[in-house]
Amino acid sequence: MQLQFPFFRQPDGGLEPSRQNADGARTHEAIAFVRVPRARRYILRVQPDGTLRVTVPRGGSRREAQEFVDRQRRWIDRERQRVRVQHGPREWHEGSELLLRGTAVRISTRGVPGGTLVIYGDRRIIVEHDGDLRPAIEADLKALAREELPPRLAELAVEHGVTHGPISIRNQRSRWGSCARTGNIALNYRLVQMPAAVRDYVLVHELMHLRQQNHSRRFWKLVATAYPRYRDAERWLRVEGRALF
């Protein structure tokens with residue numbers, strides 16, 4: 001299963017092709033139809049990667065959800081433009097701030113033989129130029145994730161009595177992690193930017209998929225037992241997690 005940004009996929013969520021072009025030919029548009037029993041109406045959101053998430057209320061149907069999407073085409077186009085601007089690439093320079101382990105840290109630089117020393121939090125890297133520092137810092141965050149996330153996941157796996165497969169660190173744009181039926185777990189490198197409590201929640205969430213490969217009530221009971229304050233972590237992901245992209 002997949003842990004998606006900024007919402008968690010529900011049991012019958014799925015990506016399906018949609019939309020027709022002006023010639024009536026089918027084009028492929030990723031839409032996640034997510035049934036939420038507590039929802040009272042259809043809700044449409046444009047994700048940072050441009051995909052659509054449609055909340056389907058109890059009693060609603062996939063056909064009605066698709067018709068709802070089709071009626072909102074003008075709004076979707078405007079919202080995609082807004083999201084594209086909001087989540088477009090941002091450069092990092094001297095004085096820029098970013099999150100590291102849940103704390104806002106400021107980037108500082110100084111010239112050294114062979115390049116520029118970049119300092120943020122307790123991290124030190126040397127780059128060849130002093131332009132946009134984001135690519136170099138993100139590469140360093142990925143290295144940090146490879147150092148910190150697998151050992152922590154292994155600790156939590158032992159604590160909760162589950163066995164996982166290989167772990168991979170990825171640059172996922174719309175999910176925080178995923179757990180395959182084989183037990184392989186993929187984690188978003190940006191987890192190292194989160195507070196430890198939120199990071200651990202994402203790890204526990206994926207580990208619970210080793211017991212239940214869906215987002216059923218049974219799954220959420222497992223999560224609540226393993227991580228009682230999971231709703232607080234979800235709230236952080238929804239509100240603060242956007243800033244990591």
Leu44 and Thr55: side chain to side chain contact (heavy atoms under 4.5 Å, CB included), yes or no, with the steps?
CA-CA 6 Å; Leu44 176 62; Thr55 298; over 6 Å; no

Output, in order, the C-alpha distance, side-chain angles, deciding distance and verdict of side chain to side chain contact (heavy atoms under 4.5 Å, CB included) for Glu94 and Ser108.
CA-CA 5 Å; Glu94 166 89 26; Ser108 63; 4.1 Å; yes

What's the verdict on salt bridge (Lys or Arg N to Asp or Glu O under 4.0 Å) for Glu91 and Arg134, showing C-alpha distance, side-chain angles and the deciding distance?
CA-CA 6 Å; Glu91 295 185 351; Arg134 184 163 188 157; over 6 Å; no

Evaluate Glu159 against Val204 for side chain to side chain contact (heavy atoms under 4.5 Å, CB included), listing each step before the verdict.
CA-CA 10 Å; Glu159 180 180 332; Val204 168; over 6 Å; no

Do Glu67 and Arg63 pass the salt bridge (Lys or Arg N to Asp or Glu O under 4.0 Å) test, and can you show the C-alpha distance, the side-chain angles, and the key distance before you say yes or no?
CA-CA 6 Å; Glu67 291 174 351; Arg63 178 182 59 79; 3.0 Å; yes

Check against side chain to side chain contact (heavy atoms under 4.5 Å, CB included), Leu187 and Arg199:
CA-CA 10 Å; Leu187 300 173; Arg199 174 207 64 198; over 6 Å; no

Go through the steps for Arg235 and Asp232 under the test salt bridge (Lys or Arg N to Asp or Glu O under 4.0 Å), then give the verdict.
CA-CA 5 Å; Arg235 187 175 301 109; Asp232 292 338; 3.0 Å; yes

Step by step, would you call Asp200 with Arg229 a salt bridge (Lys or Arg N to Asp or Glu O under 4.0 Å)?
CA-CA 11 Å; Asp200 282 357; Arg229 298 190 64 184; over 6 Å; no

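Two different hydrophobic clusters hold Ile126 and Ile107 under the rule that ILVMFWY side chains link at heavy-atom gaps under 4.5 Å. By the criterion of side-chain heavy atoms lying less than 4.5 angstrom apart, applied directly or through intervening Ile, Leu, Val, Met, Phe, Trp or Tyr residues, Ile119 is not grouped with Leu144; the two fall into different hydrophobic clusters. Trp220 and Trp236 fall within a single hydrophobic cluster, where Ile, Leu, Val, Met, Phe, Trp and Tyr side chains are chained together by heavy-atom contacts under 4.5 Å. One hydrophobic cluster, built from ILVMFWY side chains closer than 4.5 Å, cannot hold both Leu117 and Ile125; they sit in different ones. Ile31 and Ile43 fall into different hydrophobic clusters, where Ile, Leu, Val, Met, Phe, Trp and Tyr residues are linked whenever their side-chain heavy atoms come under 4.5 Å apart, directly or through other members.
Of all non-hydrogen atoms in Asn214 and His209, the two that sit nearest each other are O-CE1, 3.1 Å. The nearest pair of heavy atoms linking Gly183 to Leu210 is CA-CD2, 3.7 Å. Here the closest non-hydrogen pair linking Ala39 and Pro57 is O-CB, 3.2 Å. The two residues Gly161 and Arg211 make their nearest non-hydrogen contact at O-NH2, 3.9 Å. Taking both residues in full, the closest heavy atoms of Ala145 and Val192 are given as CA-CG1, 3.5 Å, listed atom of the first, atom of the second, then distance. Residue Val69 comes nearest to Arg73 through the heavy atom pair CG1-NH2, 3.4 Å, listed as atom of the first residue, atom of the second, then distance.
Atom CZ of Phe33 is separated from atom CD of Gln66 by 4.5 Å, given to the nearest 0.5 angstrom. For the atom pair Thr225 OG1 and Tyr230 OH, the distance stands at 10.0 Å (nearest 0.5 Å). Interatomic distance, Tyr42 OH to Arg71 CZ, rounded to the nearest 0.5 Å: 9.0 Å. Taken from CG in Leu222 to OG in Ser216, the straight-line distance is 8.0 Å, to the nearest 0.5 Å. Here the CZ-OH distance, from Arg231 to Tyr201, works out to 9.0 Å after rounding to the nearest 0.5 Å. How far CG of Leu153 is from CD1 of Ile167: 4.5 Å, rounded to the nearest 0.5 Å.
No side-chain donor-acceptor contact under 3.5 Å links Thr51 to the backbone of Gln47. Here the side chain of Asn188 pairs no donor or acceptor atom with the backbone of Gly177 at under 3.5 angstrom. For Arg146 (side chain) and Leu141 (main-chain N/O), no donor-acceptor pair under 3.5 Å exists by modelled atom type. Under a 3.5 Å cut-off, the side chain of Asn184 and the backbone N or O of Gly165 do not form any donor-acceptor pair. Although no hydrogens or angles enter the test, the distance criterion places a donor-acceptor pair under 3.5 Å between the side chain of Gln193 and the main chain of Leu99.
Taking 4.5 Å as the limit, every side-chain heavy atom of Glu148 sits out of range of all side-chain heavy atoms of Leu191. Residues Ile169 and Leu149 have side chains in contact (heavy-atom distance under 4.5 Å, counting atoms from C-beta outward). At least one side-chain heavy atom of Val34 sits less than 4.5 Å from a side-chain heavy atom of Arg53. Met208 has its side chain out of reach of Gln212: every pair of non-hydrogen atoms, C-beta onward, lies at least 4.5 Å apart. Contact annotation: the side chain of Arg190 never approaches that of Gln172 to less than 4.5 Å [non-hydrogen atoms, C-beta and beyond]. With a 4.5 Å cut-off on side-chain heavy atoms, Arg101 and Pro195 do not count as touching. Between Asn171 and Lys142, some side-chain heavy-atom pair lies under the 4.5 Å cut-off. Between Asp122 and Leu100 the shortest side-chain heavy-atom distance falls below 4.5 Å.
The ring-ring contact (aromatic ring centres under 6.0 Å, His included) check on Tyr189 picks up nothing, with sequence neighbours excluded.
Under the ring pair (Phe, Tyr, Trp, His ring centres under 6.0 Å) criterion, no residue pair touches residues 130-165, with sequence neighbours excluded.
If you check the side chains of Tyr120 and Asp140, you find a donor sitting under 3.5 Å from an acceptor. At a cut-off of 3.5 Å, with distance as the only test, a side-chain donor of Ser168 or Arg170 sits close to an acceptor on the other residue.
For CZ of Arg124, the number of neighbouring non-hydrogen atoms (other residues, nucleotides, ligands) closer than 6.0 Å is greater than 12.
Between His205 and His215, the ring planes are tilted. Angles from 30° to 60° get that label. Ring pair Phe245/Trp176 is tilted by interplanar angle, where 30° to 60° counts as tilted.
Comment: Glu155 engages Arg152 in a salt bridge, judged by a side-chain N to carboxylate O separation of less than 4.0 angstrom.
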